[in-house]
Amino acid sequence: MSYVHNLAGYTSAPPTLTPDLSSKGSLIGNLLPRVLLRKRGVAEDAMTFAATDTGKPYCTTPGIDPPLAFNVTHDEGIIAMAFGTGDLGPPAFCIGVDVMKLKIPPRTTFTQFVDIVDSQLTAREKDLILATDVTEEEAIRRFYWIWTLKEAYTKALGIGLGFDFRRIEYDVVEEKVTVDGEPARGWQFLRFELPQSGPRYVGIAAKFIGGRETSISELSEGCLVCYDAVSFVNRAIEEMS
């Protein structure tokens, strides 16, 4: 998995880029899969992409074997991309990722914050988040683990807006994920935190791998590749030129 941080340090798109890629998030989000393909030896003019009816991008570049599965997400100063082999659920494949900053809105208590999203949480999730025996810092972390898993799961499925998040339950204590009351069989969920300094973010990458088991584990540090926004864009443009 790759992520780009320090977006505040990146102020504008180089003039050689097309206008629709000029925003920070759009620019870097579009560059990430292209840089990955370039590392696989694909020429820039051979790279092609499309999107599903619900807007999930996927790679249509011919000759990629095995197929590439990827998903990009962003929140404030971080853009992340989960990628892997395209196995199940073509053409976009069942892979999704979400990342969020550990914070609550200004002038809002944590309890008020949870009340705002109450309709998207199960009773068990609310009990775990509002447990009296955990610190507020841990409660916020629990909330965002739950929320990013729900987001990553629906992104992996390529589902648009309107999916009832209460159908998904993530028990962060028992490490269990259920959908419509049944175990999320065949799914792999990888949790991660970043970066090691500065504002903290948590996220989850989800992929449907098939089988009867549900896997929830920490993403190993060696599987995370970090780029600074400025150096990433400069390097990407150089490699694409």
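Note that the coordinates shown come from a computational prediction; the quantities given were computed from them, not determined experimentally.
A donor-acceptor contact shorter than 3.5 Å links the side chain of Thr108 to the backbone of Pro106. Between the side chain of Lys39 and the main chain of Arg34, no donor-acceptor pair closer than 3.5 Å is present. Checked by atom type and distance alone, the side chain of Thr85 never pairs as donor or acceptor with a backbone atom of Pro66 at under 3.5 Å. The closest donor-acceptor contact from the side chain of Arg191 to the backbone of Gly203 lies at 3.5 Å or more, if one exists at all. Here the side chain of Ser217 pairs no donor or acceptor atom with the backbone of Leu190 at under 3.5 angstrom. In terms of modelled atom types and a separation under 3.5 Å, the side chain of Tyr201 and the main chain of Gly77 share a donor-acceptor contact.
A continuous path of hydrophobic side-chain contacts links Ile79 to Ile237 [ILVMFWY only; heavy atoms under 4.5 Å]. In the hydrophobic cluster analysis, where Ile, Leu, Val, Met, Phe, Trp and Tyr join through side-chain heavy atoms closer than 4.5 angstrom, Ile159 is grouped together with Ile168. Under the 4.5 Å side-chain heavy-atom criterion for Ile, Leu, Val, Met, Phe, Trp and Tyr, Phe208 and Val97 are members of distinct hydrophobic clusters. One hydrophobic cluster, built from ILVMFWY side chains closer than 4.5 Å, holds both Leu36 and Ile28. Cluster annotation: Phe93 and Phe49 are assigned to distinct hydrophobic clusters (Ile/Leu/Val/Met/Phe/Trp/Tyr, side-chain heavy-atom contacts under 4.5 Å, transitive).
Note that the CG atom of Leu157 and the OG1 atom of Thr52 stand 11.5 Å from one another [nearest 0.5 Å]. Ser26 contributes atom OG, which lies 9.5 Å from atom NE2 of His74 (distance to the nearest 0.5 angstrom). Separating the CD atom in Glu138 from the CG atom in Leu128 is a distance of 10.5 Å, to the nearest 0.5 Å. Separating the OG1 atom in Thr61 from the CZ atom in Arg40 is a distance of 10.0 Å, to the nearest 0.5 Å. Here CD1 of Ile116 is found 9.5 Å from CD1 of Ile104. Values are rounded to the nearest 0.5 Å.
Between Ile209 and Leu88, the closest side-chain pair of non-hydrogen atoms is not below 4.5 Å. A heavy-atom distance below 4.5 Å is not found between the side chains of Pro91 and Thr60.
Taking each heavy atom of Asn71 and Gly96 in turn, the nearest pair found is OD1-CA, 3.4 Å. Considering every non-hydrogen atom in both Pro62 and Thr48, the closest pair reads CD-OG1, 4.0 Å. Minimum heavy-atom separation, Trp145 to Tyr170: O-CD2, 3.7 Å.
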(request) Would you check, one step at a time, whether the test side chain to side chain contact (heavy atoms under 4.5 Å, CB included) holds for Ile216 with Val177? (result) CA-CA 9 Å; Ile216 306 172; Val177 179; 3.5 Å; yes

(request) Given side chain to side chain contact (heavy atoms under 4.5 Å, CB included), test Met100 with Thr73 step by step and report yes or no. (result) CA-CA 9 Å; Met100 297 197 79; Thr73 188; over 6 Å; no

(request) Report the C-alpha distance between Phe83 and Phe70 in whole Å, list the side-chain angles of each, state the deciding distance to 0.1 Å, and finish with yes or no for ring pair (Phe, Tyr, Trp, His ring centres under 6.0 Å). (result) CA-CA 4 Å; Phe83 60 91; Phe70 74 94; 9.2 Å; no

(message) Assess the residue pair Trp187 and Tyr153 against the criterion (ring pair (Phe, Tyr, Trp, His ring centres under 6.0 Å)); give the C-alpha distance rounded to whole Å, side-chain angles, the decisive distance to 0.1 Å, and a yes or no.
(response) CA-CA 9 Å; Trp187 283 90; Tyr153 174 81; 4.8 Å; yes

(message) If you apply the rule side chain to side chain contact (heavy atoms under 4.5 Å, CB included), what do you find for Leu102 with Arg141, and how did you get there?
(response) CA-CA 7 Å; Leu102 293 174; Arg141 182 174 272 99; 3.7 Å; yes

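Salt bridge annotation for Asp180-Arg167: present, with a cationic side-chain nitrogen under 4.0 angstrom from a carboxylate oxygen. Between Glu76 and Lys101 there is a salt bridge, with a side-chain nitrogen of the basic residue lying less than 4.0 Å from a carboxylate oxygen of the acidic one. Salt-bridge annotation for Arg166 and Glu125: absent, with no side-chain N of the basic residue lying under 4.0 Å from a carboxylate O of the acidic one. Here Lys150 does not pair with Asp98 in a salt bridge; the nearest charged N to carboxylate O distance is not below 4.0 Å. A salt bridge links Arg200 to Glu193: at least one charged side-chain nitrogen sits closer than 4.0 Å to a carboxylate oxygen.
Using bins of under 30°, 30° to 60° and over 60° for the plane-to-plane angle, the ring pair Phe165/Trp147 lands in the perpendicular bin. Relative ring orientation between Phe143 and Phe110 is described as perpendicular, the plane-to-plane angle rising above 60° on a 0-90° scale split at 30° and 60°. Using cut-offs of 30° and 60° on the angle between ring planes, the pair Tyr144 and Phe113 is tilted.
The closest side-chain donor-acceptor pair between Thr109 and Thr111, if any, does not fall under 3.5 angstrom. The closest side-chain donor-acceptor pair between Lys176 and Thr214, if any, does not fall under 3.5 angstrom.
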